S.K.: 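Structure below; questions to follow.
Proteins get letters first, then strands, A, B, ... in listed order; numbering begins at 1 in each. Model, not experiment: these values are computed from the prediction.
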Amino acid sequence: MLGLGVDRLRADMNRLLALLFHQGVLDEQFLQLQQLQDESSPNFVSEVVNIYFHESEKLLRNLRGLLMDKEFSDYKKIGIHLNQFMGSSSSIGAKRVRNVCVAFRAASEQNNRAGCLRALELLEHEYCYLKNKLHELFHIEQQRVLAAGVRYPMQH
Amino acid sequence: MLLKENSHGDQFPVGMQVLAIDANFVCLKYLVTVLQQCRYKVTATTDAEEALQILRNKNEEFDIVITDVVREDIDGFKLLQIISLEMDIPVVMVSANDDVSNIMRSIKHGARDYLLKPVRLQEMMNIWQHVIRKNLDNPEKSSITKEIIDQKISTLKRTRNQSTKEEDESTKEEGETNTHPDIASSSRKKSRMTWTQELHEKFLDAIQELGNEEAVPNTILKIMNVPGLTRENVASHLQKYRNILKKQKATMNQQKNREPNLNRNSTNMHGCHTAYQSTSAVPSNFHPVNLVPNSEELASSKQLYQYYMQSRQYPMEQGMHNHVYGNPPSTPLPTENYLPVPDLKLLKFPSVFPGIKVVDGCLGISSGPSNTPPFSPSIPDVCYIPSTQMLGDNASTQIDAISQHGLAAWPPQDFGPGQHAVKNFVNEPGDTNCERKNIDLPDYMQDPNLTDLKGKGKAKAVQYFPEHPHMESGFHQYRNSFTDDELTMMVKEFNDDDPPKL
């Protein structure tokens with residue numbers, strides 16, 4: 001019974017991952033991340049991803065703050081933020097977020113404020129979708145671990 | 001063995017000391033984990049200032065530095081510059097930015113590698129090779145270059161030393177050595193101060209800014225504004241630079257006068273020597289490009305006239321240089337070598353991307369259209385429209401304030417009051433049309449103004465190639481640093497690179 005639950009949860013996880021890969025939300029870098037998770041760091045993926053969420057929300061706030069400023073002209077700063085966002089997104093394999101960042105950066109390099117704002121909204125949307133899906137994934141993972149009777153010290 | 005066996009033991013890459021710097025905590029955590037998987041000893045920081053502190057305190061211990069590029073305090077380029085100036089540690093750049101200009105700039109600054117984020121385990125497994133290469137490179141590079149340059153302009157070196165002594169400027173050879181006591185005492189590191197390409201560029205900029213009269217070490221130092229650089233370094237570099245220019249000019253004049261002479265080889269050698277001795281004093285009317293020689297040199301009025309002809313028609317001078325110093329591979333001029341020299345190609349590095357202008361702002365993102373990377377490959381991915389189906393049931397429960405805004409505003413038909421103002425300001429005709437026609441593409445990508453702009457940018461970039469300024473053309477070599485003798489080569493390239501027009 002317990003074993004069945006584990007299998008079902010594992011299948012759920014795989015299905016969700018497959019969907020996210022299919023949609024291009026994640027890429028193989030996420031698998032790379034999962035491969036780095038071992039006994040010495042059993043929560044590596046969720047740790048990194050949670051830091052990513054934290055940092056990304058900060059960046060999104062900053063970006064919105066910059067763009068909403070009436071006398072805004074600091075495209076350079078936008079570029080720095082976006083570079084950060086791109087770096088961290090590519091590190092966790094958040095492919096679609098990263099791609100929106102690329103487009104966003106292109107708009108900022110052309111000092112296209114309207115384009116920047118639209119890209120920001122798209123970015124916020126993509127980020128939220130990613131966050132929800134990854135939370136879902138971690139939730140299933142957590143259940144699976146519990147069901148398997150293996151208890152790793154959980155951080156969150 | 002060149003490797004430091006004491007610190008590495010037998011299984012070399014294992015336990016290699018790596019300093020990882022990334023302002024982005026996510027990237028840093030990932031990078032550190034990857035590096036640890038490679039079984040390196042990792043020290044990590046998000047703060048460049050702290051990294052420098054660590055390096056300065058115990059720089060003996062690190063084999064390699066891995067740093068990101070774009071950051072708000074000290075960016076990767078500056079960090080790279082400081083590290084190559086103060087200590088001799090290979091630096092690998094890691095960035096999400098794949099701009100060609102950024103990569104070029106890193107190479108010019110002396111980065112050993114430029115990796116794109118996300119870094120792979122396999123890539124990191126290999127970085128130890130930079131440590132080995134550095135150790136192999138240093139003795140080899142200096143000996144080869146020295147040999148070639150010694151043969152090529154042996155007279156220059158001797159006379160330069162003489163003239164250095166004659167000068168009453170306080171530019172002793174010791175001024176070359178690094179003044180940091182911890183660095184000077186280390187046997188591993190270069191005892192000499194390294195003039196990187198970037199430094200030399202700054203140096204040239206400073207000279208240009210100051211003009212002939214004002215170019216004294218103190219003011220140059222102030223303008224260059226490089227931490228760790230001393231007045232002595234600048235003074236000695238300036239003097240060497242001037243001497244080399246003088247020498248070149250003198251040789252050129254001599255060669256010009258002896259043009260009809262058939263026995264070019266011997267006369268040229270002779271010419272070098274005499275001309276050089278006569279110009280041991282620094283001329284007051286010094287200029288980095290068109291050096292005006294001392295009046296003693298211009299013995300006859302005919303020569304003077306010739307000189308002015310030359311300086312007015314700069315391309316002529318290029319031709320002259322090519323005659324004297326042999327040709328870069330591409331020049332259509334006759335390729336006699338007047339000196340018994342080995343092939344100059346050995347020292348020349350391919351000048352790929354000659355039109356790429358390195359923007360000297362400290363940030364990686366440049367605003368010029370010529371540097372805009374083509375971002376079309378990403379468009380299909382961006383065009384995805386999320387359906388509420390995909391978001392699932394529990395999606396809405398976790399959406400925070402930001403996301404709700406984002407969702408509500410997609411597809412972007414209405415932008416709210418702030419954005420309307422922007423739209424008016426930017427004034428995009430046909431914007432709404434685009435939206436109606438093809439709603440799933442974010443319309444900033446369809447904006448006709450924008451595509452037009454991009455087109456212009458491309459055209460500009462193409463145009464830009466033939467007309468790159470003389471000043472930059474000298475630095476296309478993939479060299480990170482150079483000794484004093486290499487400076488000679490550099491100054492020469494500086495003149496040689498332009499297409500000769502005779």
S.K.: What are the two closest non-hydrogen atoms of B:P118 and A:S91, and how far apart are they?
M.R.: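 Heavy atoms only, the tightest pair is CB-CA, 3.9 Å.
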
S.K.: Name the region of A:Q32, side chain, backbone, both or neither, that has any atom closer than 4.5 Å to a heavy atom of chain B.
M.R.: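 Looking at A:Q32, just its side chain touches chain B.
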
S.K.: Hey, which residues of residues 31-40 of chain B are touching chain A, say heavy atoms under 4.5 Å apart?
M.R.: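 B:T33, B:V34, B:Q37, listed by number.
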
S.K.: On a heavy-atom basis, which atom in A:S88 and which in B:C27 lie closest, and how many Å separate them?
M.R.: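 That would be N-SG, 3.5 Å.
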
S.K.: Of all heavy-atom pairs between B:N24 and A:G87, which one has the smallest distance, and what is that distance?
M.R.: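 That would be ND2-C, 4.3 Å.
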
S.K.: Is B:K117 close to A:M86 at the side-chain level, that is, under 4.5 Å between some pair of heavy atoms?
M.R.: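 In short, these two side chains do not touch, never coming nearer than 4.5 Å.
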
S.K.: For A:E28, which atoms come within 4.5 Å of any heavy atom of chain B: side chain, backbone, both, or neither?
M.R.: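 Interface part for A:E28: side chain.
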
S.K.: Please state whether the side chain, the backbone, both or neither of A:L82 comes within less than 4.5 Å of a heavy atom of chain B.
M.R.: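 Interface part for A:L82: neither.
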
S.K.: Are more than 12 heavy atoms, taken from residues, nucleotides or ligands other than A:F21, located less than 6.0 Å from that residue's CZ atom?
M.R.: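 Result for CZ/A:F21: enclosed.
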
S.K.: Decide if atom CD of A:Q34 counts as having more than 12 heavy atoms of other residues, nucleotides or ligands within a radius under 6.0 Å.
M.R.: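 Atom CD in A:Q34 is crowded, with more than 12 foreign heavy atoms closer than 6.0 Å.
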
S.K.: Flag the pair B:L121 / A:Q35 as yes when at least one side-chain heavy-atom distance between them is below 4.5 Å, and no otherwise.
M.R.: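 No, too far: nothing below the 4.5 Å cut-off.
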
S.K.: What heavy-atom pair brings B:Y30 and A:L33 nearest, and what distance separates the two atoms?
M.R.: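 So the minimum-distance heavy-atom pair works out to CD1-CD1, 3.4 Å.
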
S.K.: For A:I51 and B:K29, which heavy atoms make the closest approach, and how far apart are they?
M.R.: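 For A:I51 and B:K29, the tightest heavy-atom pair comes out as CD1-CD, 3.3 Å.
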
S.K.: Would you compute the distance between atom CZ of B:R120 and atom CD of A:Q29 and round it to the nearest 0.5 angstrom?
M.R.: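 The CD atom of A:Q29 is 5.0 Å from CZ of B:R120, to the nearest 0.5 Å.
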
